[in-house]
Protein chains: 2
Amino acid sequence: MILSKTCNYAIRALLYVATRKSDNFVPVREISQKLDLSFHFLSKIHLILIQHHLTTSSRGVKGGVSLARPAEDITIYDIIEAVDGNAMFQNCVLGLENCSDDHPCPLHHSWSEYRLNLKKIFQEVTLADLAEKINNEQVRLSNITEILD
Amino acid sequence: MILSKTCNYAIRALLYVATRKSDNFVPVREISQKLDLSFHFLSKIHLILIQHHLTTSSRGVKGGVSLARPAEDITIYDIIEAVDGNAMFQNCVLGLENCSDDHPCPLHHSWSEYRLNLKKIFQEVTLADLAEKINNEQVRLSNITEILD
DNA sequence: GTAATTAAAGATAAAAGAGTCTTAAATCAA
DNA sequence: TTGATTTAAGACTCTTTTATCTTTAATTAC
Ligand code: SF4
Ligand code: SF4
């Protein structure tokens, strides 16, 4: 898989929050139940997201997490970078070193172009874009049938 | 990383064998020394490659491994498929299910195109292509400086 | 202030990936 | 045939990732 499970869950969780589109905080417990993911594991993932300023949180009654900025301003790339880092968008696909545009191997040209393209794909899609599709039921967030009710 | 370490090592090992271009078997020990990789770990990786008919092997004095077909006929994709499988070229990047061309989410179009493209990149480059570049010293197989002597 | 609620933090555990080690089997050379 | 060499096979260990559990701290409602 291109993305780690942690990253997958992070994206799904934020998508869920984005579809709720209330200004209130969304409890992690609610997210974990709707997405059928481990509550504690999700909590940990949210710490990462908070540290990277993708979300804010509040404790106590009525607490939970919420997006730090409008869903329109959070790209999938932002989430991937926060969780998995950006090595994927920079490293040689074969794990080789000492390669450059000056001394390209047969893979270099296509790979460097591809790598850039991958980044662009993720940067071009925001949480808002995906959330809209989810609300239109053209895509779903979890493998269980009942998800958003 | 896109590819597993095991897969990286497998590619490097086969590239080394390809650059040797002798009809003799190449001992795994030699490969591991030249590439500065664990002998036993490489041995294990070679079992996979042999099982997938990418290499053949011979025990005993003069034994070792060799490519099962000409280097021109082994693509990087063949190696990746053998070691890491092909999930990467088929699965949804977000780990979601129940998606199709009929109900695409905003990522779907670019991703499915990208996924196909990735496969193509790997399928278009053979061991022979890369081995030639290595022999021309335009790329190297290991991070240690002395490698092919 | 008290109780209920919820995230924060960190210890622990299970699973997967990466790497090591030992023994067995095959092959070759003398 | 014997000994050296080299892969085959499998047990084992270490590390990282994934997941669980427990305790603490903050917030709200009353
Ligand atoms: S030239 Fe590009 S693809 Fe080839 S080894 Fe270097 S970074 Fe990787
Ligand atoms: S439509 Fe494509 S990108 Fe979107 S969830 Fe489905 S497979 Fe993934």
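Between A/Tyr9 and the phosphate of D/dA19, there is a side-chain N or O to OP1/OP2 separation shorter than 4.0 Å. Within the structure, a side-chain polar atom (N or O) of B/Thr6 is placed less than 4.0 Å from OP1 or OP2 of C/dA18. A close approach under 4.0 Å does occur between a side-chain nitrogen or oxygen of B/Lys5 and OP1 or OP2 of C/dG19.
The closest side-chain heavy-atom distance from B/Asp129 to B/Glu72 is not below 4.5 Å.
D/dA19 atom P lies 14 Å from atom NE2 of A/His46, rounded to whole Å. The CZ atom of B/Phe39 sits 9 Å away from the P atom of D/dT6 (whole-angstrom rounding). Distance B/Glu30 CD to D/dT6 P: 10 Å, rounded to the nearest Å. The distance from atom NZ of A/Lys44 to atom P of D/dT22 is 15 Å, rounded to the nearest whole Å. Rounded to a whole Å, the NZ atom of A/Lys62 is 14 Å from the P atom of C/dA7. Between the CD1 atom of A/Ile48 and the C1' atom of D/dT17 there is a distance of 11 Å, given to the nearest Å. What separates CZ of A/Arg29 from P of C/dA7 is a distance of 9 Å, to the nearest Å. One interatomic measurement links the two molecules: NE2 of B/His40 to P of D/dT13, which rounds to 16 Å at whole-angstrom precision.
Cation-pi geometry between A/Arg29 and A/Phe39 is satisfied (NZ or CZ under 6.0 Å from the ring centre, within 45° of the ring normal).
Residue contacts for B/Ser57: at a heavy-atom cut-off of 4.0 Å it reaches the sugar-phosphate backbone alone, with no base atom in range.
Between the side chains of A/Ser4 and A/Asp84, a donor-acceptor pair is found at a separation under 3.5 Å. Side-chain contact, A/Tyr77 with A/Glu124: no donor N or O sits under 3.5 Å from an acceptor N or O.
With the nearest nucleotide of DNA chain D identified for both A/Ser58 and B/Pro27, B/Pro27 has the one nearer the 5' end. Nearer to the 5' terminus of DNA chain D, by closest-nucleotide assignment, is the contact made by A/Leu42 (compared with the other of A/Gly60 and A/Leu42).
Remark: the B/Arg59 side chain and the C/dT27 base include no donor-acceptor N/O pair separated by less than 3.5 Å.
The shortest heavy-atom contact between B/Thr75 and B/Phe122 is CB-O, 3.7 Å.
Distance from the side chain of B/Ser38 is smallest to C/dT20 among D/dT20, C/dT20, D/dA8. Each of D/dA19, D/dA8, C/dG19 was ranked by its minimum atom distance to the side chain of B/Ile50; first place goes to D/dA8.
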